[in-house]
Amino acid sequence: MKAIVYTTYGSPDVLKLNDVEKPTLKDNEVLVKVHAASANPLNWHLMRAEPFLARLENGLLKPKNMKLGADVAGRVEGVGRNVTQFQAGDEVFGSMPLNELGTFAEYLCALEDALALKPARLTFEQAAAVPLAAFTALQGLRDKGQIQPGQKVLINGASGGVGTFAVQIAKSYGTEVTGVCSTRNLDLVRSIGADHVIDYTQEDFTRNGQHYDLIFDAVGNRSISDYQRALSPNGICSVAGFTSLSRLFQVMFLGGKKIGLMQTAKANKKDLVIIQELLEAGKVVPVIDRSYPLSEVPEAIRYLETGHARGKVVITVEHNNKT
Ligand SMILES: NC(=O)c1ccc[n+]([C@@H]2O[C@H](COP(=O)([O-])OP(=O)(O)OC[C@H]3O[C@@H](n4cnc5c(N)ncnc54)[C@H](OP(=O)(O)O)[C@@H]3O)[C@@H](O)[C@H]2O)c1
């Protein structure tokens, strides 16, 4: 089968579309014929081994797991003998754990708890756009952010892969949501449910006199004192990303109890089902910026690395009717 592999760390040029062994099914696994995957910043952090800590995850000198891609949507082609939740033909979506990435490929073996049935109203591309970004938004808002109905919530980076889910998930909790984005994305962020939008090229949300019960920062470009200024007295700031190591270390070590990094988002069945229900109810609708074929994953990652995607960047996998 075809898969994107990388044998050395570096720019998107290290990503090659190669012929590799089709994975063989274990008793507790599901074989998925991949129809779509999606790109996440995780992919380029691992690809470049940046920051350096990424090497602890996937090999000091060269990548141990040479495949990339966390999110997947596709059709079940076969199931191991211990699998109870799926059967051949089911349309599924899900996200692979960090040590088992490999959805930029024609086929994938996954544990059944990594998958759920794809909501029928979603295409494969839409479903593949969801898992990791939605896990990040849900876990960042709920676990670190302690989101509660009626709160005033601000999402920084509201137009990105994570931000577009964060706006919609925060709304599903019954909160009043303000989305921060650039001028060209104001309408998009309004259209996914934000009650208020702030154009960061015109206005600094930390200096406009407003206070928020919860700030979810999917950019990570602000200082601790910025967050403190914009939080209400008992407010919480949950930070998902970072734009420099100094921002990262500030939030990790100087934020106190209220301001801090969310834990790294974890794929898990319980949250996948929560997200599946939000999708089925139409409370969350994936925003897709661009789609690239499997052979163009390097271009997709290059685009994502600009830091200005609008919603998600999706990878489509054609099979040309071969099995
Ligand atoms: N903690 C975790 O487990 C976890 C999991 C997933 C992702 N992340 C991190 O979360 C961050 C966001 O991920 P993502 O997938 O959403 O990335 P993304 O899709 O690349 O985000 C791009 C978005 O960021 C916006 N943006 C850029 N500069 C901004 C600024 N100064 N103010 C407000 N918005 C700005 C862009 O809007 P404009 O084009 O309008 O500027 C664009 O829409 C990344 O740092 C990623 O590494 C963390």
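In each ligand, atom 1 is the first atom listed, and ligand 1 is the first ligand listed.
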For A309, counting its heavy atoms only, list the atoms of ligand 1 lying under 4.0 Å from any of them.
22 (C), 23 (C), 42 (C), 43 (O)
Does the N or O separation between G161 and ligand 1 drop below 3.5 Å for any pair?
yes
Which heavy atom of the protein is the closest neighbour of atom 15 (O) of ligand 1, given with residue, atom name and distance?
P41 CD, 3.2 Å
Under 4.0 Å to a heavy atom of S159 - the qualifying atoms of ligand 1, by number:
36 (C), 37 (O), 40 (O), 42 (C), 43 (O)
Donor-acceptor check, side chain of Q139 to backbone of K266, threshold 3.5 angstrom: yes or no?
yes
Got the closest protein heavy atom to atom 4 (C) of ligand 1, with its distance?
T136 CG2, 3.6 Å
Within the 4.0 Å heavy-atom shell around N221, which atoms of ligand 1 are there?
30 (C), 31 (N)
In this structure, is the centre-to-centre distance between the rings of H319 and Y107 below 6.0 Å?
yes
Is the Lys NZ or Arg CZ of R302 less than 6.0 Å from the centre of Y292's six-membered ring, within 45° of the axis?
no
4.5 Å side-chain heavy-atom contact, V239 and M262:
no
Proximal atoms of ligand 1 relative to R184 (non-hydrogen, under 4.0 Å)
39 (O)
If we number the atoms of ligand 1 from 1 as shown, the ones under 4.0 Å from a heavy atom of H45 are 47 (O)
Option whose closest heavy atom lies nearest to atom 48 (C) of ligand 1, chosen from A218, G179, A240
A240
If you scan protein heavy atoms around atom 25 (C) of ligand 1, the nearest is G307 O, 4.0 Å
For residues L154 and L214, determine if any side-chain heavy atom of one lies less than 4.5 Å from a side-chain heavy atom of the other.
no
Please identify which atoms of ligand 1 are closer than 4.0 Å to at least one heavy atom of N156.
32 (N), 33 (C)
Shortest non-hydrogen contact between F86 and V79, atoms and distance:
O-CG1, 3.5 Å
Heavy-atom side-chain contact between K26 and C109 under 4.5 Å
no
Of the listed options (S182, G160, G241), which comes nearest to atom 45 (O) of ligand 1 when hydrogens are ignored and any heavy atom counts?
G241
Under 4.0 Å to a heavy atom of G157 - the qualifying atoms of ligand 1, by number
33 (C), 34 (N)
Please compare V162, V313, T264, N185 and report which has the shortest non-hydrogen distance to atom 14 (P) of ligand 1.
V162
Which option out of F205, F242, Y200 puts a heavy atom nearest to atom 28 (N) of ligand 1?
Y200
Donor-acceptor side-chain pairing of D217 and Y227 below 3.5 angstrom
yes
Identified side-chain contact (heavy atoms from CB on, under 4.5 Å) partner of K152 from the options H211, Q210, H196
Q210
Applying side-chain hydrogen bond (donor to acceptor under 3.5 Å, both in side chains), which residue pairs with at least one partner in residues 55-71 are found, sequence neighbours left out?
Y6-N58, S38-D71, N40-D71, D71-S95
Any L231 side-chain heavy atom under 4.5 Å of I259 side chain
yes
Judged by non-hydrogen atoms, does L132 sit under 4.0 Å from ligand 1?
no
Which of the numbered atoms in ligand 1 are under 4.0 angstrom from any heavy atom belonging to A265?
2 (C), 3 (O)
